[in-house]
Amino acid sequence: MRFLLLFLSVSFLFYNCQNRSQTANVPEETATLPADADLPADFLEFYKRFHDDSLYQMSHISWPLQGDASEQIDSTHYRPKKFTWTPETWRMMRLGFSTKDYLIETQMLGDMMVIERIRARSVSFGLERRFAKQTNGEWELIYYSDVQERGK
């Protein structure tokens, strides 16, 4: 049962993050931006463009991108494993997480870093991304942890 829930969660998250050749017409209530009102306006503009423009996204990732990936231990258990993404292994990220199905939390650290956690409401699996403002004033994705077990 736990494997089935993990499989479904991973499928939903990867489906929402995959590279699509056409832009989907996503209803406004699912085209989510971080809900935290304390996020700076330049980050919110970056965040929207990062998910709308694939070339912009690729140029605003700190390559090689550090993070964690799920490693299967046995048929029902996974654990995080240090992983480095490259442009060749990267899957484009898009907006479209429904707030009725996913909990999206953002945390601003100082004025230079935003941590975002997206977790499925029905199970305790989700992902984490960290964005940092660079010295040139541009935001970049600097860390990505794919689907891991997260606390509810």
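FYI, side chains are in, hydrogens and waters are out, and symmetry mates aren't considered; it's all heavy atoms of this structure.
Between atom NE2 of residue His60 and atom CZ of residue Phe50 there is a gap of 9.0 Å, rounded to the nearest 0.5 Å. With values rounded to the nearest 0.5 angstrom, Lys82 atom NZ is found 8.0 Å from Ser145 atom OG. One distance of note links CD of Gln57 with CE of Met93; it measures 7.0 Å at 0.5 Å rounding.
Side-chain N or O atoms of Arg129 include none that pairs as donor or acceptor with a backbone N or O of Ile118 at under 3.5 Å. Remark: the backbone N or O of Trp85 is not paired with any side-chain donor or acceptor of Thr89 at under 3.5 angstrom. In this structure, the side chain of Trp63 engages the main chain of Met58 through a donor-acceptor pair within 3.5 Å. Listed for the Arg94 side chain is a donor-acceptor partner under 3.5 Å among the backbone atoms of His51.
Under the 4.5 Å side-chain criterion, counting only non-hydrogen atoms from C-beta, Phe131 is in contact with Phe46. Counting only heavy atoms from C-beta outward, the side chains of Ile142 and Gln134 approach each other to under 4.5 Å. Counting only heavy atoms from C-beta outward, the side chains of Asp52 and Lys48 approach each other to under 4.5 Å. No side-chain heavy atom of Arg121 sits under 4.5 Å from any side-chain heavy atom of Asp101. Between Thr106 and Ile115, the closest side-chain pair of non-hydrogen atoms is not below 4.5 Å.
Remark: Lys100 pairs with no residue by the salt bridge (Lys or Arg N to Asp or Glu O under 4.0 Å) rule, at least two apart or across chains.
There is a path of hydrophobic side-chain contacts, each under 4.5 Å, that joins Tyr56 to Val114. The cluster map of Ile, Leu, Val, Met, Phe, Trp and Tyr, joined by side-chain heavy atoms under 4.5 Å apart, puts Trp139 and Trp90 in the same cluster. Residues Leu141 and Met108 are members of one and the same hydrophobic cluster, defined by side-chain heavy-atom contacts under 4.5 angstrom among Ile, Leu, Val, Met, Phe, Trp and Tyr. Residues Leu39 and Leu103 are members of separate hydrophobic clusters, defined by side-chain heavy-atom contacts under 4.5 angstrom among Ile, Leu, Val, Met, Phe, Trp and Tyr. Linking ILVMFWY side-chain heavy atoms closer than 4.5 Å, directly or via other members, places Leu95 and Ile104 in a single hydrophobic cluster.
Residues Leu55 and Asp53 approach most closely at N-OD1, 3.1 Å, considering heavy atoms.
For the residue pair Tyr144 / Asp68, no side-chain donor-acceptor distance below 3.5 Å is found, with atom types taken as modelled.
Within the structure, salt bridge (charged side-chain N to carboxylate O under 4.0 Å, His left out) contacts touching residues 130-144 (residues at least two apart or in different chains) are Asp42-Lys133, Glu128-Arg130.
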